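Throughout, protein chains are lettered first and strands after them, A, B, ... in sequence-line order, and every chain is numbered starting at 1. No experiment lies behind these values; they were computed from the predicted model shown.
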Amino acid sequence: MTEIKAPRGVRDILPDESWKWAYVLNHAHAVAGDFGYAEVHLPIFEHTELFSRGIGETTDVVEKEMYTFTDRGDRSLTLRPEATASMVRSYIEHDMAEAGQPVKLWCAGPMFRYERPQKGRYRQFWQLDFEALGSSNPMVDVEIIELSLELFRRLGLTNLEVMVNSVGCPKCRPVYKGRLMAYFGAHLDTLCESCVSRYSRNPLRILDCKNPQCRAVTEDAPGIYDSLCEDCRTHFTSVTDGMTRLGATFHVDKRLVRGLDYYTKTAYEVLSGQLGAQNAVCGGGRYDNLSEAVGGPALPSVGFATGLDRIILVMEEQGCSFGKRPAPLVYMIAQTPAVRTEAQILTASLRRSGLAVEMDYLGRSVKAQFKAASTLGARFAAIIGESEMEKGTVSLKDLESGEQVEVLRHDLAGKIRKLCESN
RNA sequence: GUGAGCGUAGCUCAAUUGGUUAGAGUACUGGACUGUGGCUCCAGAUGUUGGGGGUUCAAGUCCCCUCGCUCACCCCA
């Protein structure tokens, strides 16, 4: 029998790494609290229709990256490739319009896209997703962007680039699209093969092609600002003004477009040079028409998603702190086989008083148990041997200072606490 | 889906123009130190060389297929 391995593009987050994930998630919880976003837990699969209609039939995500399957009830279901559509679905389904607007929600969890794995890109990857639903106020756009930046600030990330743009709305985007097509139509022979196909499907995407020849052409392409309608123009100005007021550093990038159809007005990305080709740590923007696209009421909203795997990758490359790796406070050492049962009783009683305690189950030598205590990063070793057994005591060694005291068994937890406080 | 590079012990890597029993470091276990960690020394255990086929007297090494990993295109978090 051949060894079964994890499927391509998915991975195990093992103890060496999982504590770092917890660190980042803790900060996400804290920031969400400070900004007034409530956590929700959404399903990992939805009706395929939610994504095909919400994200857009002709997007790459829907066309070739979804994990779609039929269940036993013959329903077409899809592992979520992103969370925004589910958020909107949930808002509509639970009539959140009744609550004060905007409704501010966030969630964390795995997303699934069938793509060729590479640095910072997995088939199952975690996103933190924040959404403010039910407001068209540009100040909410500013809050969303500031929220993402504050999270990165608290995590100690540096050298991030914030790119902002407006992608217009159904009123003015067609106008811009027309102007783009008129422009690119005259340059079709110089564009790369995929840009030629983009020309007919979604000419805006030609703008972020990395091909040098295409870039040269897009350099002189008409910018979207001249085509924006009054509403989109003032909205965009309000957003950039708001960010400037908050002291945020950002670049207006007229090439920034989105691969998902639902974006309107504000689009933004946070980039890091540490991620290789997959350089987006965070992406988001406004999506005033997503709700209607999936059959809901008008619901102007703005939000962002950030990749947890990528955040951690960048943090590691930048040498950011993840706090302290969890370690036992006390390692219980049994000198002889005869006192092992006693060691377990002591371990249990310390744990019941809320202390992190570890002990040996391999019957290893005292020396090896001390070694394990050091390796695990325990602050104290509690030693119980024949003489302690007789006297009803435990020896307690501070592994940092090397000092050792002998205390009565029922004083052990108190003594440990006292030593922790005085230091 | 396309392209390039790479698969040897749990991990990081050796192994001459193809050459006989595939090694070292690290980690692990034990000992030196029979009740005390980090340092040092000694000993022990560990492999279908990713899998399959071919060439050859002989394959970890060369060829083909396959699987996987990595990076890039594409797309995005």
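- Distance noted for atom C1' between B:U29 and B:A9: 16 Å (whole Å).
- Separating the CG atom of A:Leu275 from the C1' atom of B:C71 is a distance of 14 Å, rounded to the nearest angstrom.
- Taking only side-chain atoms of A:Arg121, from C-beta outward, the nucleotide of B:U2, B:C73, B:G37 with the closest atom is B:C73.
- Rounded to an integer number of Å, the gap from A:Leu313 CG to B:A77 C1' is 12 Å.
- Remark: B:U48 base-pairs with no nucleotide in the shown strands. Criterion, Watson-Crick or G-U wobble with two distances under 3.5 Å.
- With distances taken from any side-chain atom of A:Lys119 to the nucleotides B:C74, B:C71, B:G37, the minimum falls on B:C71.
- In the set B:C73, B:U36, B:A77, B:U36 carries the atom at the smallest distance from any side-chain atom of A:Lys397.
- Nucleotide B:G38 holds its P atom 14 Å from the CG atom of A:Leu376, rounded to whole Å.
- In this structure, A:Tyr225 has its ring center under 6.0 Å from that of A:Phe236.
- B:U26 and B:U46 are spaced 13 Å apart, taking the C1' atom of each and rounding to whole Å.
- Between B:U61 and B:U49, the two C1' atoms lie 10 Å apart (nearest whole Å).
- Remark: the A:Asp288 side chain and the A:Tyr263 side chain contain no N/O donor-acceptor pair separated by less than 3.5 Å.
- Closest-nucleotide positions on RNA chain B for A:Glu269 and A:Gly402 were compared, and the one nearer the 5' end corresponds to A:Gly402.
- Counting non-hydrogen atoms under 4.0 angstrom, A:Gly276 reaches the backbone sugars and phosphates but no base.
- No donor-acceptor distance shorter than 3.5 angstrom exists from the side chain of A:Ser238 to the backbone of A:Pro138, with no hydrogens or angles considered.
- Among the heavy atoms of the strands lying under 4.0 Å from A:Tyr122 is at least one base atom, whether or not backbone atoms are also near.
- In a base pair of the Watson-Crick type (N1 to N3 plus N6-O4 or O6-N4) or a G-U wobble (N1-O2 and O6-N3), with each distance short of 3.5 Å, B:A24 is matched with B:U12.
- Between the P atoms of B:C62 and B:A14, the separation comes to 14 Å (whole Å).
- Between the CD atom of A:Glu400 and the P atom of B:G37 there is a distance of 17 Å, rounded to whole Å.
- Residue A:Asp309 is out of contact with every strand shown, counting any heavy-atom pair closer than 4.0 Å.
- Of the nucleotides present, B:C69 is the one that pairs with B:G5 by Watson-Crick or G-U wobble criteria, both distances under 3.5 Å.
- As the counterpart of B:A58, no nucleotide is assigned, since no Watson-Crick or G-U wobble pattern has both distances under 3.5 Å.
- Under the 6.0 Å cut-off for aromatic ring centres, A:Tyr67 and A:Tyr114 qualify, their centroids lying closer than that.
- With both pairing distances under 3.5 Å, B:G18 is matched to nothing as a Watson-Crick or G-U wobble pair.
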Open item on the list: Using side-chain contact (heavy atoms from CB on, under 4.5 Å), reason through A:Arg121 and A:Arg116 one step at a time and then give a plain yes or no.
Closed with: CA-CA 8 Å; A:Arg121 188 166 83 181; A:Arg116 196 82 172 258; 3.9 Å; yes
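- Electrostatic pairing of A:Asp411 and A:Lys415 does not count as a salt bridge here, judged by no charged N lying under 4.0 Å from a carboxylate O.
- The side chain of A:Arg8 places an N or O atom within less than 4.0 Å of a non-bridging phosphate oxygen (OP1 or OP2) of B:C69.
- A salt bridge links A:Lys104 to A:Glu143: at least one charged side-chain nitrogen sits closer than 4.0 Å to a carboxylate oxygen.
- Protein atom CG of A:Asp129 is 10 Å distant from nucleotide atom P of B:A77, rounded to whole Å.
- To the nearest whole angstrom, the two C1' atoms, one in B:G18 and one in B:C41, are 39 Å apart.
- Taking the charged nitrogens against the carboxylate oxygens, A:Arg89 and A:Glu49 have no contact shorter than 4.0 Å, which rules out a salt bridge.
- Among A:Thr218, A:Val217, A:Val196, the single residue meeting the side-chain contact (heavy atoms from CB on, under 4.5 Å) criterion with A:Ile206 is A:Thr218.
- Where A:Gln127 and A:Pro117 meet RNA chain B, the nucleotide closest to each residue was compared, and A:Pro117 sits on the side nearer the 5' end.
- A close approach under 4.0 Å does not occur between any side-chain nitrogen or oxygen of A:Gln118 and OP1 or OP2 of B:C71.
- B:A4 and B:G60 are spaced 23 Å apart, taking the C1' atom of each and rounding to whole Å.
- Rounded to the nearest Å, the gap between the P atom of B:C11 and that of B:G54 is 30 Å.
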Open item on the list: For a quick check, with a 4.0 angstrom heavy-atom cut-off, what is the B/S/- contact string for nucleotides 26-35 of chain B, read 5' to 3'?
Closed with: ---SSSBB-B
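- Ionic pairing of A:Lys397 and A:Glu406 is not present here: no N-O contact between side-chain nitrogen and carboxylate oxygen is shorter than 4.0 angstrom.
- Taking the P atoms as reference points, B:G25 lies 13 Å from B:U40, given to the whole Å.
- Nucleotide B:A77 holds its P atom 18 Å from the CD1 atom of A:Ile312, rounded to whole Å.
- We find that CG of A:Asp16 is positioned 13 Å from P of B:U12, with the value rounded to whole Å.
- Listed nucleotides: B:A77, B:A72, B:C74. Nearest to the side chain of A:Ala305: B:A77.
- For the pair A:Gln278 CD and B:C74 C1', the interatomic distance rounds to 9 Å; values are reported in whole Å.
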